[in-house]
Structures are given as structure tokens and as C-alpha cells.
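Each residue takes its place number in the sequence, starting with 1. Both backbone and side-chain heavy atoms feed into the values below; hydrogens, waters and symmetry mates do not. The structure displayed is predicted, hence computed values, not measured ones.
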Amino acid sequence: MRSLKSGKEATVYIVRTGTQLRCAKVYRDMAQRSFQRRTVYQEGRKVRGSRQARAMNKRTSFGRREQEAAWKNAEVDALYRLVAAGVRVPRPYGYFNDTLIMELVTDASGAPAPRLGEVDLTPETAREYHDFLIRQVVRMLSIGLIHGDLSEFNVLVGPEGPVIIDLPQAVDAAGNNSAFAMLERDVNNIRGTLGRFAPELLETQYAREMWALFEQGNLVPDSPLTGVCAPDETAADAAGVLLVIEDAREEALQKALAAEG
């Protein structure tokens with residue numbers, strides 16, 4: 001067993017199961033600050049019962065434990081749902097004692113796959129990856145899920161192309177008031193990353209288009225999209241905007257730390 005990635009919420013190890021190498025994601029217990037930040041993501045998620053919901057709302061010690069468990073279980077549940085929906089994510093193999101066992105995504109040589117932000121791409125490949133990832137976001141949204149933190153840090157590049165990872169903050173699209181802000185941030189993060197190699201991608205507006213179809217109940221995995229959408233002049237979602245700003249600051253910090261490393 002050796003460490004592959006260490007973050008503020010979990011450490012990922014490479015482990016051997018029989019003759020196979022897999023990932024073991026060991027979740028950490030989170031501090032109060034992290035719970036407060038995660039409240040926006042957890043809005044709309046179902047909990048086991050009314051007692052658990054009341055305790056979580058009151059932030060009792062029992063409620064905090066339930067909230068912690070719900071946060072960890074969210075990624076496990078999302079992975080199983082996304083695999084069933086045909087989204088390219090690591091295949092989960094089980095969840096035991098705060099540890100998620102899942103597929104190890106590798107490159108063509110069998111080494112751990114690089115992140116999207118660590119590879120140089122031709123304009124043609126960037127356009128191909130962008131089209132694929134937009135389709136993955138649509139496929140996720142069509143079953144009511146939004147990644148919530150999709151960026152160059154949460155996409156690996158395997159031999160067959162991009163693989164989406166890190167889903168503990170997966171958002172219930174129908175039950176979360178900040179869902180569109182998170183969807184738009186996800187789409188625009190991917191647009192910005194791949195637009196460095198194919199600048200015409202920076203002009204696309206897929207988030208509003210797919211969200212309009214979702215709200216109408218017409219979004220399906222193969223819904224035709226143009227990337228062109230009239231601007232929305234309704235009042236801004238202040239909470240969602242603040243969340244985007246906060247997470248943009250955190251992403252900038254991650255980039256700075258990655259550059260130093």
C-alpha cells in the first residue's frame with residue numbers, strides 16, 4: 001500500500017486486492033468550518049429519517065455524526081448511480097469503515113493517470129475532451145446530479161480519455177437552491193481549462209442551455225446542444241455566487257500549492 005493523493009478531506013492509497021491494484025479512499029473527520037462550508041452542497045439531500053434531519057439542523061453531536069456519515073456516503077451513492085447511468089467515473093467496489101474501494105485509473109503504461117490540468121493537448125484533442133465532458137455533465141444532470149466541484153483537479157486522463165473523480169459534494173439538482181450556480185461553475189471550469197488549447201471553446205454557453213432543458217423536464221443524455229444561450233436577466237442567486245467565489249479562491253490556492261510541489 002502506498003499513498004497516491006492526500007487532501008483535506010481524504011487520503012487516497014494504491015492497494016493490492018489479489019492480483020489487482022485498486023484505490024482506497026480513506027475519509028477524514030471534518031472540522032466545524034468544513035461542515036459550515038458543506039451546508040450549501042447538502043441542501044436537498046435525503047436523510048434516513050426525521051430524527052436525523054432534526055439533529056442535523058440543530059447541529060447536535062448526534063447530528064454532526066449523521067452529517068459526517070451523509071457526506072461520506074454521498075460519494076459512494078453517486079458513484080454507483082453514475083456507473084449505472086453510463087458516466088465515466090471510477091468503478092466502486094465497496095465501502096468499509098470510512099474507506100471507499102474503487103477502480104485505479106491508470107495511463108497507457110499502467111501508472112496512475114495524470115489530472116487534466118497536468119497534460120498538454122492539441123486543439124483537436126481539447127475539443128474532443130470538451131465535447132465528451134459536456135456530455136458527461138448532461139448525463140449526470142439527466143439523473144438529477146451535479147458534480148459541484150468539477151475542475152482540472154477532478155478529472156483524470158486515462159487511455160480512453162477523461163474520467164471524472166471526487167464526488168462527496170455531489171448536488172441534488174432538483175432540491176438545491178444553488179444547483180444552477182454550481183452547474184454553471186462546473187461547466188465553465190472545464191471550458192476555461194480546455195479553452196487554453198482551443199480558444200473558441202471560451203465562447204460557449206452550455207450550462208444555461210442544459211439547465212433550461214432540465215427545468216422543463218426535457219433533458220436526456222443525448223439532448224442536442226448548441227452551446228449558444230441567451231443571457232438570463234433574472235435576479236442573481238446571492239448564496240450561489242458567494243459559494244462560487246469561495247470555491248474559486250480555494251481552487252487558486254490548490255493551483256499555487258500544486259505549482260510549489
Any donor-acceptor pair under 3.5 Å linking the side chain of Arg185 with the backbone of Gly148?
-> yes
CZ/Arg191 to CD/Gln205 distance, rounded to the nearest 0.5 angstrom?
-> 5.0 Å
With distance as the sole test, does Glu103 use its side chain to make a donor-acceptor pair with the main-chain N or O of Pro90 at under 3.5 Å?
-> no
Near-ring test His130/Tyr206, centroid separation under 6.0 angstrom | yes
Side chains of Arg135 and Pro221 in contact at under 4.5 Å (non-hydrogen atoms) = no
Derivation of the side chain to side chain contact (heavy atoms under 4.5 Å, CB included) call for Leu194 and Leu133 | CA-CA 10 Å; Leu194 297 173; Leu133 286 168; 4.2 Å; yes
Backbone N/O of Ile164 and side chain of Asn154: donor-acceptor pair under 3.5 Å | no
Do Arg196 and Glu152 meet the salt-bridge criterion of a basic N to acidic O distance under 4.0 Å?
-> yes
hydrophobic_cluster_shared for Trp211 and Val137, side chain cutoff 4.5 Å = yes
Are a donor atom and an acceptor atom from the side chains of Asp107 and Ser109 found within less than 3.5 Å of each other?
-> yes
Electrostatic pair Asp166-Lys5, nearest N-O below 4.0 angstrom | yes
From CG (Leu82) to CZ (Arg88), nearest 0.5 Å = 13.5 Å
Tell me yes or no: between the side chains of Glu75 and Tyr95, is some donor less than 3.5 Å from an acceptor?
-> no
Report yes or no: is the cationic atom of Arg2 (NZ for Lys, CZ for Arg) under 6.0 Å from the centre of the six-membered ring of Tyr13, at an angle within 45° of the ring normal?
-> no
So, the side chain of Thr204 versus the backbone of Leu201: is there a donor-acceptor pair under 3.5 Å, distance only?
-> yes
Are any side-chain N or O atoms of Arg81 and backbone N or O atoms of Ile143, one a donor and one an acceptor, separated by less than 3.5 Å?
-> yes
Please confirm whether the backbone N or O of Asn189 pairs with a side-chain atom of Thr193, one donor and one acceptor, at under 3.5 Å?
-> yes
Donor-acceptor pair, His147 side chain versus Leu183 backbone, under 3.5 Å?
-> no
For the pair Leu4 and Cys23, evaluate side chain to side chain contact (heavy atoms under 4.5 Å, CB included) and give the outcome as yes or no after the intermediate values.
-> CA-CA 8 Å; Leu4 176 62; Cys23 277; 4.1 Å; yes
Kindly indicate whether the side chain of Leu79, heavy atoms from C-beta on, has any atom under 4.5 Å from the side chain of Leu100.
-> yes
Are Ile101 and Val83 connected, step by step, through hydrophobic side chains (Ile, Leu, Val, Met, Phe, Trp, Tyr) whose heavy atoms are closer than 4.5 Å?
-> no
Please step through salt bridge (Lys or Arg N to Asp or Glu O under 4.0 Å) for the pair Arg208 and Glu215, ending with a clear verdict.
-> CA-CA 10 Å; Arg208 292 186 182 279; Glu215 286 191 309; over 6 Å; no
Look only at the side chain of Arg115 and the backbone of Val157, and say whether a donor-acceptor pair between them is shorter than 3.5 Å.
-> no
From Tyr93 OH over to Met102 CE, what is the distance, rounded to the nearest 0.5 angstrom?
-> 11.5 Å
Take Phe197 and Asp120 through the side chain to side chain contact (heavy atoms under 4.5 Å, CB included) test and state the conclusion after the steps.
-> CA-CA 8 Å; Phe197 307 102; Asp120 289 324; 4.1 Å; yes
Counting only N and O atoms by type, is there a donor-acceptor contact under 3.5 Å from the side chain of Asp98 to the main-chain atoms of Tyr27?
-> no
Measuring from Thr17:OG1 to Gln20:CD, what's the distance to the nearest 0.5 Å?
-> 8.5 Å
Ile190 vs Leu150, side chain to side chain contact (heavy atoms under 4.5 Å, CB included): CA-CA, chis, key distance, verdict | CA-CA 7 Å; Ile190 295 303; Leu150 191 60; 3.8 Å; yes
Does Ser178 use its side chain to pair, donor to acceptor, with the backbone of Ala181 at less than 3.5 Å?
-> no
Cluster link Leu141 to Leu145, ILVMFWY, side chain under 4.5 Å | yes
Greater than 12 external heavy atoms within 6.0 Å of Glu124's CD = no
Close side-chain approach of Ile134 to Leu225, heavy-atom, < 4.5 Å | yes
